[in-house]
**Student:** 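Right, I'll just put the structure down here and ask away after.
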Protein chains: 4
Amino acid sequence: MPKTKSQISIGVIGVGQMGRIHAEHIVRRVHQARLVAVADVDAKRAQAVAEALGAPRWYGSPEELLQDKTIDAVVIVTSTDTHADMIVAAAKAGKDIFCEKPIADTVPDGRRAQAAVERAGVRCQIGFMRRFDPAYVTARKQLDDGAIGRPLMIRLCGRDPTFYRRGKGTAFVKTSGGIFLDMCIHDFDLARWLMGAEVSQVFAKVATLGPPEVHQLDTQDSAVALLTYSDGRLGVAESSLLVPWYDIRTELVGTKGTLQVGALEYQPVTVMSAAGIIEPGIPWFMERFGEAYVAELQHFISALASDQVPAVNAGDGVAALAISLAALQSAETGQPVNLVAA
Amino acid sequence: MPKTKSQISIGVIGVGQMGRIHAEHIVRRVHQARLVAVADVDAKRAQAVAEALGAPRWYGSPEELLQDKTIDAVVIVTSTDTHADMIVAAAKAGKDIFCEKPIADTVPDGRRAQAAVERAGVRCQIGFMRRFDPAYVTARKQLDDGAIGRPLMIRLCGRDPTFYRRGKGTAFVKTSGGIFLDMCIHDFDLARWLMGAEVSQVFAKVATLGPPEVHQLDTQDSAVALLTYSDGRLGVAESSLLVPWYDIRTELVGTKGTLQVGALEYQPVTVMSAAGIIEPGIPWFMERFGEAYVAELQHFISALASDQVPAVNAGDGVAALAISLAALQSAETGQPVNLVAA
Amino acid sequence: MPKTKSQISIGVIGVGQMGRIHAEHIVRRVHQARLVAVADVDAKRAQAVAEALGAPRWYGSPEELLQDKTIDAVVIVTSTDTHADMIVAAAKAGKDIFCEKPIADTVPDGRRAQAAVERAGVRCQIGFMRRFDPAYVTARKQLDDGAIGRPLMIRLCGRDPTFYRRGKGTAFVKTSGGIFLDMCIHDFDLARWLMGAEVSQVFAKVATLGPPEVHQLDTQDSAVALLTYSDGRLGVAESSLLVPWYDIRTELVGTKGTLQVGALEYQPVTVMSAAGIIEPGIPWFMERFGEAYVAELQHFISALASDQVPAVNAGDGVAALAISLAALQSAETGQPVNLVAA
Amino acid sequence: MPKTKSQISIGVIGVGQMGRIHAEHIVRRVHQARLVAVADVDAKRAQAVAEALGAPRWYGSPEELLQDKTIDAVVIVTSTDTHADMIVAAAKAGKDIFCEKPIADTVPDGRRAQAAVERAGVRCQIGFMRRFDPAYVTARKQLDDGAIGRPLMIRLCGRDPTFYRRGKGTAFVKTSGGIFLDMCIHDFDLARWLMGAEVSQVFAKVATLGPPEVHQLDTQDSAVALLTYSDGRLGVAESSLLVPWYDIRTELVGTKGTLQVGALEYQPVTVMSAAGIIEPGIPWFMERFGEAYVAELQHFISALASDQVPAVNAGDGVAALAISLAALQSAETGQPVNLVAA
């Protein structure tokens, strides 16, 4: 018997920058959700966020939050290396789970998290927010409607002004798993979702091409990858952290036409001066995907409230992770890497 | 002594389509605001909206709502011909006022409303939401920053798929005051705001150019106007209710360049098929100005909460109304009509 | 009996900037044409151009050239005030005529030229080159194909960097007849051609809005006009000489959609730097309409060679002239001016 | 002692579709050039073209044309497999050479042709016309001016409506060397020219992804390649013959910004109808690169006339060929292929 609920009680685990944004969205933007607690290993931060957002309870550890019986579901926004354990623990506690990407930092850990979720019979959505962006939603619908026939080839562009915005903070890319795990994983998820098939081989390169400051950070700022699908279809992806404006675009070639998603311009405001025609670029990810972050949480909550299974499940999380890690392995070995079917 | 408040209690008067949208925004999107009551001459509608949105009280008449002492401010979304009286009554009741445009349907009534507001010392904002659209906000800032020098000429385009969307309902344009009062008034407000000056003369034409169905509606579907500013600067405006997609664009020529606001495309999704390159148009006003409707209310509430005076006051409402009615008079007489300085 | 010719012998009268360009096009770009002579009141200039372009003969006066029996047709590129007399003389000499716009600087003179052409049975094309621009040709074809149904309203934008490019030379606009006769006349021709009807009333304003240097030139740099067609359809036009880049755009609202011609960008080259997204503007008219100037001459020559009547005849020249002068009269009197049907 | 010439006498070898276009350009569009002869193994075709274009002489074999002492330079537009021998013969005959790409169909043959040119001291330009396209010229200038700093990564898109336009004729791609040699070679030339460096490794895939008709043609219709430069910089290229409109775009990420060349739209004509916003696509290569074909020949002729060395020499031809063939080898072996420095 399906159990529908009028309101889902949420606990957010990890309230750094993104965790706090998710928590705010639950309070202010998402219907049928209630923020009942936040947890952070920095207890003061947990307290501050709880008070600022009017959450009734706060905890200094995820474990405590998971024992809170009033909580229906958790939103996990901790550091990448803790995702798998956190999912396992939340699943054991019987909580439904929304977890930021990536699901884990190794494929076995990802599979372990996926297995825990399936064993516990809880629901799990991974934070590939692009799938909820209105433009990508329209594109997916166009594909479903046959606007370009069968997709044959995909081109993915993921450029980010991380270096311009964060400067030295760019090093976070390393701690968050490197450019493939932190950035390209979004493109690899799109590569699966829009082509409707699994990638079977990756050949990739990474490089540190930025100015000397970036080299000192011992991180990668540039990546390219060539994707082959199991049925012979093809894709290319490229990513850079060195561009001045946020620039995410995807193109598909199909049997009856081509499809492009994404634009360079942030706002339709054009100045023509002696310098030329000037339009504003997209500052960063929240200006591009702000509504998608709301929509993915709304999707998760609405699914729980209506006793349905949300899209973008743990298996999707493992599959995109596997491509990312295959790309890393290819870049390290200089050889194409085949992906084993799940 | 300034009185700041942490939360403003709002009553919405008139909960037809737009009134309900404003009420929802107060409940779900606007900070520091609380919807405490709604009123509608259709009492059942008032009750239904109150219950759906969780408003504690509802009234079958505006008068009753105005007597509710718990209400700090009202949002007036009744029919155009009642705006002036409603503002006068709300001002007498000591409520701060947000009123949908136009402020009235005659200039004397508009002035009467303005005087009542000023006499009562309440605050009044008129619903020219375009001023709060992110793109127009950026454009205004560009002007302030001197990006195009001093603006010399303005071109205003206001095209609306009313006929495509509403069909026979297009007749509402007549009851709402005709194309100048219902539609062009937004452009006339932009004409004042972006040029930073008053229009001193209008020459205008209206016409019914649509298919026979429109002619039967006895309404106007097309308008053009030539604006002269008191210092000799110039403008042109055109409006149509007959286009398939919502299309609001504004252009300025300045001493150092030109500025354009607005785009045709709804979303950055492009399909190239045998039919050509196809992009989606903007369906209607909520798809274009949805966030602006939230932002104008947020501006109003934030101003009240911090004991400040919101922008776009009753005087602005009267000035845009005066241009609209001068345009109508010009269209009826075939002569240019001079506007008297306020 | 139709007389087809394999090659048309051309004499160019007036070889200043535009005359020389036309002469070069005849030599290098136009098929079935031969430049046999040039004439200029500055005989040295005539000689220099003839030698540079390999024209066999040159003359120090138009009259001499018109007596040259080897010449089939003339291209008239003299100053505006001489156009009518030149057309009359060429017609009397039995030459087919291509004349730069405007056909004359008064309507009676325009009619006199038209009458002379018709009396002599020669062919006459006026230089409204925009009608031969590939984009406008496509737009006209779209209209013919019913892409937007019946056109109802037109918007014309004619912005020119004359002041940026010519500086003090901007004064030429005055000598060439002012902004309506020199610039807007192209838009007024489009207004007739694209709407397929005659303008019956004009209300217009001109102004000098540019920096002090322009005021010293005693010329106009800005103009707006509201057009009414005899069947009640409407149009607006605006023109400025003060913009940094050449910007000619036309929009039509039709019963089934809208049509736009023209773009801001000169070349598809986009730089995203810290300053924003930057594209190149269109420098000036030759960068925008260079091919249209070739195409209009090719049309003229091909028509003569195949014994047909070229498009854009003297009557078109008079009609656009009449609108321009009505706009001027309206700007001077402050009243709408009705146009008498030809 | 430099020898400048006022006019260069040209013989065109091979007057199929492209050869005839080049011949026409020499006659009608290129300054300082004279078409004195054409040759084709189909003697009737040679005669027909010579007569149509007014060339004084025609030959039924290239050898005869090469013996024509009045000829300064030849334009070679024969089938790909003959290019190298033709260049060697022309060099021996002392003719300057313009040869369509590719320079040969094997690297040793390309090097043999290059050596023959160098030994004979004649000049040789390879037909990479994109380098002469106004937009690419502007882009190259922007790079030289430092608009985006040092280029770090390149993305090349080469999509062609060959299948839509030629249908079964698509098989020509196979005879002309396959997709890498016929199509991608243009992108590989851009990859060298715009990045200013040599590609050191290629990993590539090809596929036949089109509808069954294409599979029957036993040709490839899709290709992707990942490029590594000797200094670690990166690139991706993708190509398809299956798109409805011609679509060539290039993007560069640099240390100070990004640069994009190319647009989807053919003409600035936009129709908004119930179907959406529709713009025309670029039909095929002549609509996109028509002027570039004229400009590359003009560059060649102007260089000869002023006794200078034209750009895009035989070495450039060999280098782009080597990348194309390395891509083919990679696609066949499934392994990355290293390029040996010349």
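Note that these values count all heavy atoms, side chains included, but never hydrogens, waters or copies made by symmetry. The sequence lines fix the lettering, A, B, ..., with proteins before strands; numbering per chain opens at 1.
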**Student:** Nearest 0.5 Å, what's the CG-OG1 distance between A/L152 and D/T208?
**Tutor:**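 Answer for the CG-OG1 pair, A/L152 versus D/T208, is 11.0 Å.
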**Student:** Shortest non-hydrogen contact from A/L226 to D/F203?
**Tutor:**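 In terms of heavy atoms, the two residues are closest at CD1-O, 3.5 Å.
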**Student:** Contact part of A/R155 toward chain D, heavy-atom cut-off under 4.5 Å: side chain, backbone, both or neither?
**Tutor:**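 A/R155 touches chain D through side-chain heavy atoms alone.
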**Student:** Please flag which part of D/L227 lies under 4.5 Å from any non-hydrogen atom of chain A: side chain, backbone, both or neither.
**Tutor:**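 It is neither, since no heavy atom gets under 4.5 Å.
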**Student:** Between D/V253, D/D231, D/V243, which shows the greatest number of heavy-atom pairs under 4.5 Å with chain A?
**Tutor:**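 Highest number of heavy-atom pairs under 4.5 Å: D/V253.
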**Student:** Name the member of A/Q260, A/E251, A/R233 that forms the most heavy-atom pairs with chain D at distances under 4.5 Å.
**Tutor:**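 Heavy-atom pairs under 4.5 Å are most numerous for A/E251.
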**Student:** Which answer fits A/S330, side chain, backbone, both or neither, if we ask what part of it has an atom under 4.5 Å from a heavy atom of chain D?
**Tutor:**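 It is neither, since no heavy atom gets under 4.5 Å.
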**Student:** Run the side chain to side chain contact (heavy atoms under 4.5 Å, CB included) check on D/L242 and A/M153 step by step: do they pass?
**Tutor:** CA-CA 10 Å; D/L242 300 171; A/M153 218 159 65; over 6 Å; no
**Student:** Please find the pair of heavy atoms, one from A/P336 and one from D/P336, that lie closest to each other, and give the distance.
**Tutor:** CD-CD, 4.0 Å
**Student:** NZ/D/K205 to CG/A/L234 distance, rounded to the nearest 0.5 angstrom?
**Tutor:**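 Reported value, rounded in 0.5 Å steps: 8.0 Å.
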**Student:** Where is the tightest heavy-atom contact between A/P244 and D/G257, given as atom of each residue plus distance?
**Tutor:** CD-CA, 3.7 Å
**Student:** Pick whichever of D/K256, D/R249, D/R150, D/E238 has the most heavy-atom pairs under 4.5 Å with chain A.
**Tutor:**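 Max contact count across the listed options: D/R249.
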**Student:** Using heavy-atom distances under 4.5 Å, tell me whether A/I148 contacts chain D through its side chain, its backbone, both, or neither.
**Tutor:** neither
**Student:** Does any heavy atom of chain D fall under 4.5 Å from the side chain of A/V224, the backbone, both, or neither of them?
**Tutor:**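 It is both, since atoms from each part get that close.
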